[in-house]
Every structure is written in structure tokens, then in C-alpha cells.
Amino acid sequence: MGGQGICHMRSASFFVVLLVLATIGKPPWAGAHGFLCENFKSRADRPHSVSITEFGAVGDGVTLNTKAFQNAIFYLNSFSDKGGAQLFVPAGKWLTGSFSLISHLTLSLDKNAIILGSMDPYDWPITDPLPSYGRGRELPGERHQSLIFGHNLTDVVITGDNGTIDGQGSIWWAMFNNNSLYHTRPHLVELMHTTGLVISNLTFKNSPFWTIHPVYCNQVFIQNITILAPLDSPNTDGIDPDSSTNVCIKDCYISTGDGLIVIKSGWDEYGISFARPSSNISIERILGRSKNGAGIAIGSEMSGGVSEVHAEEIHIFNSRHGICIKTSPGRGGYVRNVFISNVILTDVEYAIRITGQFGEHPDDNYDPDALPEINNITIKDVYGIGIGVAGVLEGIQGDSFSQICLSDILLNVTAAEDSSWNCSYVEGYSCLVSPSSCQPLQQIPRDSSVCYAPADYLAPNCSSCTEVELASL
């Protein structure tokens, strides 16, 4: 049997085994660990703790408790230099407007506690736009502050026994759909310029806009959370690390109207000028679906640069995209050193999409000659059933995306084989890809160093790919 048959038989057998294991238990890579996540340590218990009820809060789902949250946190600020403090939210439905956290604080929710965002927009204050965006993301000018907010903080923990934070976003989605917004919608949780942020063991629901948005942050650890929003809710991204470094996201279930995990770093000339990249991002064991977005996405706002992104053990189902990198002329910046592996896709319209023709601009002052640099992208060990299109890889004329490496990818595609890949202005390599990859990638790397991989990973093994297979890829 020729080399091509051997390679494809091996991949097909592996695919069947993976799908069975994904159904009945942990996949075979479940013992692997990310380059970053093991460095995080759990926070010790705070030496001081109070309940929100001590400040007059009423958990009936009707009484507005904004002042109670604000007063409790103001009181706890006196313990910030004494080991910090915990604000405990007991069982009940605690309606509130926006409130701000402080350093050395743990916000802890009982398993039957629900923090409810007010449905009155006036309870969500107006705040300045992010400097790396230059304006509100949806409308020029200012934006609404998130329900849970923080700025210039250190050592912040948002956790619990699987309590719930519910943004009650339907009123905001209706205003968006009716074009009646005056300012950009608020996120559910946004921490800015914060070092040492832990979010764990909670459910987040119905965010007005992006759900969890760490921006200009360092040392972010997000684990064991559930994020839910209706599949038709607009722009309800799950977790959006933005111009942030050393971020670990693991063991999450996300089902939303837009991208599950979306890495960003600023918008056009504002992001280029602010020059704050996102880097050292580790993503592990994510399960979820997105009607209009992707499981793992980068961009399209990436003008400050994105690098050193490692994602593994991802299972995406009933979604528009599996993996998506998106940018456009005018963005500038770069996306490089991205390694995505061990992905299972089920009923996904586009398995892989890398595009240089996506997204609008903040204003007319962007530089159309500011072209993004997209290189050193490795995607391997991807297996899918019910896939509409294997991949759309479209760079920019005069700005080809390079060093795109695909290996061990096996997709059951419903499109005709000759239209399963659509590629333009891209360069790279492929090995053990079915359906056969597009012409610009039909080159097998003879030197494994040409494909990016983190130091603790084995390079793609293409030694069994023969010249016969090369001609057929």
C-alpha cells in the first residue's frame, strides 16, 4: 500500500477512536497541561469576611441593592492592607446596578445566590471609551460600565459554589436590534489594568454585550465557569482577553450568540498607538457552541498584536466556525506564534477560517496601508463530523499570511471536495489533511522547525508523507 493510503488509514482510525472517547469519557490528551496554567496557585482564605446582608441588601429579586454592594466594598477597603477581605453573597436574588471592586477582595457567591443586573439602563453608568478603541465599540463616544467593574487593581477573586451572575441582557439586545442605543452596551464583568485576577466556579448568564472582559490585565486565571446566553443574542461573546498577558482559561462550558473565547488587542489606529499586545494565552478543555461566532477566535480587533496563544482539548458543536482568525487592512498589528491542537468539531459550518477581509473601522482616520502580519500559525489534530466547509484561508493581496501549518486534520465535509478549501494569498504547509488542503499549502515541511510549536510539544510527524501523497494533497 502506498504512503498516501497508510497516512489516511492511520488518521481515519485515530478519528474514530477520538470520537468514541469524546462521547464516553476524557479524550486521550486529558493528562496534558498548558504552558502557563500550572503556574497559578489558589488564593488563601481572606482573614476578614462580611455578608452583603449586613449592609441592608434584600435578596427578593425586586429591591435594588446597588448601594449595599457599594457600601460593603467601601467598608472592606479598610482591610486591603491586612490580608484582604471577602464579600459573601448568600442564597437569594440580589438585584443591583453596576458596582466596582477593590484590590485584595474576594466576591464569593453561595450556590443558590443570583446577582441580577438591573434592567434600567440608568443603573449602568456611562464611562470613557477604552483608549485602545478610541470610542465605544458599537457607537462613537462613551460606553456603559459593566455590572461588575474594576480598575487598577491587584489580587481580585470572583468565585463561589456555582452561584450565578445574570445580566438580564434582553433589554439591551432589544435596543441593539431596534437601533435605539445611545451608548455602547455594557459587559457583564470587566476588569481593567488588573494584576492577579481569578474567576472560577460560577455561572454567568445573559450578558448585555461581551460576558467577561479582562482588558490591560496581567496574570488572569479563569476556570470551571459556565457562560450562557440565547444563541440569537447579539455579540454575547464568552471570554474576551483584550490587550492582556499571562492568561489561563480552562475547564469551561460556553453557549452564546457569538464567539466563545475571542482574543483582542485594540482597534485600528487606536490599538496601534496604544501598543498593548495580548500574549501568553493558554486555553484548555473548552466545550461549547456559538450560533454566529467561533469556538476559538482571534480578532478582528488585534491592532496591538497577539502572540503566544496555545489552545488544546477543544470541542465545538452546532456552531458557525470552529477556529477563526480575522483581521483587515487598516488593523496593522500582528498575529503570530499560535498553536491549536486536539480539536473535535461536530456540526460546524466552517472548520477553520483565517481571513483578512473582516470587520469595520472605528472612523475614517485609519490607515488603509496598515496591514496586519499573520504568520506562524499551527493547527493540528482536528477531527470533525458534519462540517460544511473545511476551510477558508484568505490573506490580503500584497500581504500574504505565511507559515500556516496544518497537520493531522480529518473532516467529514458536506461540501463537494473541490470546494471544501478556499484559499488565497496564504503560504504554508500541510500533512495528513483530508479533504486535501488547497494548493498554496500543498507543500510538506522537510524541516519541522518551519512550523511553530511550543517547546514542550513534539513537532508534526510527517515522515510517512511521501512524494505520492504530496502530489495528491
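These figures come from a predicted structure and were not determined experimentally. Residue numbers start at 1 and run along the sequence shown.
In this structure a side-chain-to-backbone donor-acceptor pair under 3.5 Å is present from Thr159 to Ser200. Judged by distance alone, with hydrogens and angles left aside, the side-chain atoms of Ser103 form a donor-acceptor pair with the main-chain N or O of Thr154 at under 3.5 Å. Between the side chain of Thr164 and the backbone N or O of Asp166, no donor-acceptor pair lies under 3.5 Å. Judged purely by atom type and a 3.5 angstrom limit, Trp173 uses its side chain to pair as donor or acceptor with the backbone of Ser207. Of the possible polar contacts, one joining the Asp120 side chain to the Tyr122 backbone as a donor-acceptor pair under 3.5 Å is found. For the pair Arg185 (side chain) and Pro208 (backbone), a donor-acceptor distance under 3.5 Å is present. In this structure, the side chain of Thr194 engages the main chain of Met192 through a donor-acceptor pair within 3.5 Å. Side chain of Trp94 to backbone of Pro90: a donor-acceptor contact under 3.5 angstrom is found. Side chain of Asn65 to main chain of Val58: a donor-acceptor pair is present (N/O by atom type, distance under 3.5 Å, no hydrogens or angles). With Ser243 contributing its side chain and Ser278 its backbone, the two residues share no donor-acceptor pair below 3.5 Å.
Residues Pro214 and Leu197 come closest through the heavy atom pair CB-CD2, 4.3 Å. In this structure, Gly330 and Tyr366 approach most closely via the heavy-atom pair CA-CD1, 3.8 Å. The minimum heavy-atom distance linking Thr66 with Gly97 is given by the pair OG1-N, 2.7 Å. Of all non-hydrogen atoms in Leu191 and Cys217, the two that sit nearest each other are O-SG, 3.2 Å. When all heavy atoms are compared, the tightest approach of Ile102 to Leu105 is O-CB, 3.4 Å. Taking both residues in full, the closest heavy atoms of Ala113 and Val89 are given as CB-O, 3.4 Å, listed atom of the first, atom of the second, then distance.
Of the inter-residue distances, the one linking Ser49 atom OG with Leu76 atom CG reads 8.0 Å to the nearest 0.5 angstrom. A distance of 11.0 Å separates CD of Gln397 from CG of Leu371, quoted to the nearest 0.5 Å. Ile325 contributes atom CD1, which lies 9.0 Å from atom CZ of Phe401 (distance to the nearest 0.5 angstrom). Interatomic distance, OG1 of Thr346 versus CG of Asn412, reported as 10.5 Å (0.5 Å rounding). Within the model, atoms CG of Leu393 and OG of Ser424 stand 8.5 Å from one another, a figure rounded to the nearest 0.5 Å. Between the NE2 atom in His144 and the OH atom in Tyr182 there is a gap of 10.5 Å [rounded to 0.5 Å].
Checked for salt-bridge contact, Lys93 and Asp60 miss the test: no charged N lies under 4.0 Å from a carboxylate O. Of the charged side-chain nitrogens involved, at least one lies within less than 4.0 Å of a carboxylate oxygen, so that Arg285 and Asp251 count as a salt-bridged pair. Between Arg137 and Asp242, none of the side-chain N atoms (NZ, or NE/NH1/NH2) sits under 4.0 Å from a carboxylate O, so this pair counts as no salt bridge. Between Glu394 and Arg353, at least one side-chain nitrogen of the basic residue sits less than 4.0 Å from a carboxylate oxygen of the acidic one, meeting the salt-bridge criterion. For the pair Glu190 and Arg143, the salt-bridge criterion is met [side-chain N within less than 4.0 Å of a carboxylate O].
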Step-by-step side-chain hydrogen bond (donor to acceptor under 3.5 Å, both in side chains) determination, Asn201 to Asn162:
CA-CA 5 Å; Asn201 304 321; Asn162 200 33; over 6 Å; no
Leu107 vs Val157, test: side chain to side chain contact (heavy atoms under 4.5 Å, CB included). Steps then yes/no.
CA-CA 6 Å; Leu107 176 65; Val157 180; over 6 Å; no
Working for side chain to side chain contact (heavy atoms under 4.5 Å, CB included), residues Ser328 and Phe358:
CA-CA 5 Å; Ser328 70; Phe358 188 97; 5.6 Å; no
Apply side chain to side chain contact (heavy atoms under 4.5 Å, CB included) to Ile73 and Leu101, showing your working.
CA-CA 7 Å; Ile73 291 169; Leu101 305 182; 4.0 Å; yes
For Asn342 and Glu313, run side-chain hydrogen bond (donor to acceptor under 3.5 Å, both in side chains): C-alpha distance rounded to whole Å, both residues' side-chain angles, the deciding distance at 0.1 Å, then the answer.
CA-CA 5 Å; Asn342 301 321; Glu313 305 168 46; 5.8 Å; no
For Asp258 and Asn292: C-alpha separation, side-chain torsions, deciding distance, then whether side-chain hydrogen bond (donor to acceptor under 3.5 Å, both in side chains) applies.
CA-CA 5 Å; Asp258 212 329; Asn292 296 310; over 6 Å; no
Stepwise side chain to side chain contact (heavy atoms under 4.5 Å, CB included) check, Thr96 with Leu116:
CA-CA 6 Å; Thr96 181; Leu116 294 172; over 6 Å; no
Show, in sequence, the C-alpha distance, side-chain angles and deciding distance for Asp268 and Arg135, and conclude whether the salt bridge (Lys or Arg N to Asp or Glu O under 4.0 Å) test is met.
CA-CA 11 Å; Asp268 284 9; Arg135 46 160 278 184; over 6 Å; no
Audit row: Thr195, Gln219, side-chain hydrogen bond (donor to acceptor under 3.5 Å, both in side chains) steps and yes/no
CA-CA 6 Å; Thr195 299; Gln219 299 177 16; over 6 Å; no
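Asp155 and His104 are linked by a side-chain donor-acceptor pair at a separation below 3.5 angstrom, with hydrogens and angles left out of the test. When only modelled atom types and interatomic distance are considered, Thr184 and Glu138 share no side-chain donor-acceptor pair under 3.5 Å. No side-chain donor from either of Arg276 and Ser132 sits under 3.5 Å from a side-chain acceptor of the other. Side-chain contact check for Ser279 and Glu308: no donor-acceptor pair (N or O, by modelled atom type) lies under 3.5 Å. At a cut-off of 3.5 Å, with distance as the only test, a side-chain donor of Arg46 or Thr106 sits close to an acceptor on the other residue.
Between His321 and Tyr350, the ring planes are parallel. Angles under 30° get that label, and only those over 60° would be called perpendicular. Classified by interplanar angle (parallel below 30°, tilted 30° to 60°, perpendicular above 60°), the ring pair Phe99/Phe69 is parallel.
Here the rule is side chain to side chain contact (heavy atoms under 4.5 Å, CB included) with Ile254, and of Leu287, Leu228, Ile261 only Ile261 fits it. Applying the side chain to side chain contact (heavy atoms under 4.5 Å, CB included) test between Asp237 and each of His187, His213, Lys264 identifies Lys264 as the sole match.
The shortest distance between side-chain heavy atoms of Val335 and Ile377 falls below 4.5 Å. Side-chain contact between Ile222 and Ile212 is present, with at least one heavy-atom pair separated by less than 4.5 Å. Looking at Cys324 and Ile354, their side chains never come closer than 4.5 Å, going by heavy atoms from C-beta outward.
The ring of Trp267 has its center no closer than 6.0 angstrom to the ring center of His361. Tyr216 and Phe274 have their aromatic ring centers within a separation under 6.0 angstrom.
By the 6.0 Å contact criterion, OH on Tyr75 is open, its count of non-hydrogen atoms from other residues, nucleotides or ligands being 12 or less.
Under a cutoff of 6.0 Å and an axis angle of 45°, Arg336 and Tyr334 form a cation-pi pair.
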